S.K.: 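Okay, here's the structure, questions in a sec.
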Number of protein chains: 2
Amino acid sequence: MPVEPVPTHDARLAVSTVIFALRRDEASGLPSLWIPLVRRTRDPYLDDWALPGGWLPDDEELSDAAARTLGETTGLAPKYLEQLYTFGALGRSPGGRVVSVVYWALVQSDEAERATTDENVRWCAADALGRLAFDHNRIVEYALWRLRTKMEYARIAHAFLGDTFTLAQLREVHEAVLQRRLDPANFRRTMEASGTLVDTGERLSGTPHRPPKLYRYDASIDLADAGPLARTRALGNGAHPDRGETDPILPHPRMRA
Amino acid sequence: MPVEPVPTHDARLAVSTVIFALRRDEASGLPSLWIPLVRRTRDPYLDDWALPGGWLPDDEELSDAAARTLGETTGLAPKYLEQLYTFGALGRSPGGRVVSVVYWALVQSDEAERATTDENVRWCAADALGRLAFDHNRIVEYALWRLRTKMEYARIAHAFLGDTFTLAQLREVHEAVLQRRLDPANFRRTMEASGTLVDTGERLSGTPHRPPKLYRYDASIDLADAGPLARTRALGNGAHPDRGETDPILPHPRMRA
DNA sequence: CCAAAAGTGTTACACCTACACCCATGT
DNA sequence: ACATGGGTGTAGGTGTAACACTTTTGG
């Protein structure tokens with residue numbers, strides 16, 4: 001057995017969060033993904049932009065730390081929060097090793113429109129950030145990939161919306177994240193088949209055409225596929241890690257005997 | 001901006017690994033999943049069984065630490081290694097906070113047959129471990145779920161086998177992990193369609209029936225779906241994190257416009 | 001009435017499943 | 001020769017993609 005001495009000078013532990021919201025482009029009218037960044041106020045990468053985060057307090061849960069820094073920078077509460085990955089490469093932070101447990105979060109987009117924006121917080125289009133501090137470009141790239149991948153098999157799109165929404169709004173979210181148009185008819189059937197949509201009986205009026213039904217999201221269905229860690233924290237809607245790699249990954253059966 | 005003081009008393013950082021091998025049951029002849037455990041030699045949970053791991057050295061990469069403890073307990077090198085999740089709940093370790101970055105690994109099964117087994121290392125059937133130290137039962141449960149989920153969409157089964165293998169051997173791996181029989185004919189076509197199998201031209205002789213072809217795994221195909229972190233470390237075959245929670249996740253297109 | 005989006009129906013096609021059947025080798 | 005697993009062929013079911021079509025509102 002190897003000896004197991006208590007370390008005298010551990011790597012430092014940080015928590016960061018990639019926060020996604022949907023923002024409507026003024027010109028095209030189409031929504032796209034935006035994330036908030038904070039300006040560095042001290043030496044490594046001073047004045048550069050970085051992901052919200054900070055050192056992990058001794059007495060705070062990892063996900064709580066992620067949600068707290070999210071609130072401190074945006075003034076919002078996450079509607080979806082999930083651990084992304086832990087980055088701990090030796091060279092990633094000049095001047096002392098830092099291991100960062102990174103979360104990703106979705107926030108309600110209409111709330112995000114009127115979110116905090118001061119000198120040191122800036123919202124950027126997720127696919128056109130500048131050069132970020134540390135390895136944060138890589139982290140955002142991975143978070144984007146996870147969001148897009150997971151959107152194809154999990155029901156998380158509603159986290160960008162309010163309590164009730166129309167199918168067109170839900171489809172618009174999918175289209176913005178996946179960056180391609182979806183067939184309204186097939187999208188409707190796919191969502192209805194998932195069993196997670198509840199017809200509220202209400203309709204949205206004031207549109208210049210036939211008023212669409214308003215739906216509500218039903219969380220009780222999804223949990224089966226979310227894996228053994230899903231039951232952990234409730235968090236309003238769904239807060240589960242991955243399928244992995246989710247991968248996922250749970251669509252079809254397979255060739256059986 | 002919140003203050004950002006350097007912490008005086010961080011949580012301690014550990015790395016653990018869930019190591020999977022396939023072991024053939026003497027009675028039934030069918031292979032099933034086994035994992036090595038180490039006996040605790042100090043106070044929290046003294047003499048209980050736990051996952052291999054240890055404190056993260058200041059100058060070692062996370063994945064290297066996982067691979068090293070794997071080697072120290074089994075004498076083997078991983079054929080597949082991927083970060084699983086980071087566990088950092090406040091109460092998970094009595095007497096001081098510990099944040100564990102957990103990896104999962106696959107090792108070649110015939111090598112594992114003759115692996116280290118002393119007083120303090122024991123191999124157990126993955127679905128019939130006793131009560132483990134800390135939250136390690138939960139961790140193994142999650143790792144098992146990830147392995148089974150990922151086996152359905154990613155090509156990782158070959159990591160349990162040698163350099164060359166027959167389709168029947170590969171199918172046996174899938175059957176053992178997924179715990180159900182697969183149709184040999186359909187399994188063959190699915191694997192051939194994946195494009196990751198290379199016919200070596202050789203055949204396995206000595207069987208009491210028609211000699212099956214020997215195949216080799218071709219890594220160059222898979223990397224497309226593995227996500228932005230895949231290019232990181234080469235590690236013989238594939239070492240990529242997730243699709244996440246992958247998950248996944250990448251089988252089908254979707255309703256297009 | 002017209003435009004436009006909501007919502008329904010239908011067909012073509014891809015893929016998975018199940019199972020029948022032939023092939024090649026050791027005993 | 002024959003038993004056994006290797007390997008190929010093929011019909012039926014399931015689900016998605018594409019698109020035509022009807023419905024319902026505001027202007």
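Just so we're on the same page: letters track the sequence lines, and every chain starts at 1. Everything numeric here is computed off the predicted structure, so don't read it as measured data.
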S.K.: For the ring pair A:Tyr215 and A:Tyr217, is the centre-to-centre distance below 6.0 Å?
M.R.: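 Aromatic pair excluded; centres sit 6.0 Å or further apart.
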S.K.: Nearest of C:dG7, D:dC19, D:dG6 to any side-chain atom of A:Pro212?
M.R.: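 Of the options given, the side chain of A:Pro212 lies nearest C:dG7.
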S.K.: Considering only residues two or more places apart or on different chains, which pairs with a residue in residues 206-221 of chain A satisfy salt bridge (Lys or Arg N to Asp or Glu O under 4.0 Å)?
M.R.: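 Non-adjacent pairs meeting salt bridge (Lys or Arg N to Asp or Glu O under 4.0 Å): A:Asp199-A:Lys213.
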S.K.: Check the distance between D:dT16's P and A:Leu178's CG and give it to me in whole angstrom.
M.R.: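 About 15 Å, once rounded to whole Å.
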S.K.: Can a donor-acceptor pair be found, under 3.5 Å and without considering hydrogens, that links the side chain of B:Glu175 to the backbone of B:Leu182?
M.R.: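 Indeed, once roles are kept as given, a pair shorter than 3.5 Å links the two residues.
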S.K.: In terms of the angle between their ring planes, are A:Trp145 and A:Tyr142 parallel, tilted or perpendicular, with boundaries placed at 30° and 60°?
M.R.: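 Parallel.
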S.K.: Using salt bridge (charged side-chain N to carboxylate O under 4.0 Å, His left out) as the criterion, list what pairs up with A:Arg23, not counting sequence neighbours.
M.R.: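 Not a single residue meets the salt bridge (charged side-chain N to carboxylate O under 4.0 Å, His left out) criterion with A:Arg23.
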S.K.: Rounded to whole angstrom units, what separation is found between the CG atom of B:Asn186 and the C1' atom of D:dG6?
M.R.: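 That distance rounds to 15 Å.
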S.K.: Can you give one letter per nucleotide of nucleotides 20-27 of chain C, going 5' to 3': B for a protein heavy atom under 4.0 Å from the base, S for sugar-phosphate only, - for none?
M.R.: ---BBBS-
S.K.: Between B:Arg180 (CZ) and C:dC16 (P), how many Å, whole number?
M.R.: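 My rounded result for the distance is 13 Å.
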S.K.: Whole angstrom is fine here: how far is it from CZ in A:Arg188 over to P in D:dT22?
M.R.: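 Going from CZ in A:Arg188 over to P in D:dT22 covers 18 Å.
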S.K.: Establish whether the base of D:dG9 is bridged to the side chain of B:Arg189 by a donor-acceptor pair shorter than 3.5 Å.
M.R.: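 Answer yes: a donor N or O sits under 3.5 Å from an acceptor.
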S.K.: Whole Å only: how far is the OH atom of A:Tyr153 from the C1' atom of D:dT16?
M.R.: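 Spelled out: OH on A:Tyr153 to C1' on D:dT16 is 20 Å.
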S.K.: Judged by modelled atom types alone, do B:Thr86 and A:Thr86 share a side-chain donor-acceptor pair under 3.5 Å?
M.R.: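 Yes.
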S.K.: How many whole angstroms separate atom CD of A:Glu172 from atom C1' of C:dA5?
M.R.: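 Atom CD in A:Glu172 sits about 13 Å away from atom C1' in C:dA5.
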S.K.: Nearest-Å distance, CG (A:Leu170) to P (C:dA6)?
M.R.: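 The answer, rounded to whole Å, is 12 Å.
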S.K.: Return the value, rounded to whole Å, for the distance between atom CE of B:Met191 and atom C1' of C:dC16.
M.R.: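 Between C1' of C:dC16 and CE of B:Met191: 13 Å.
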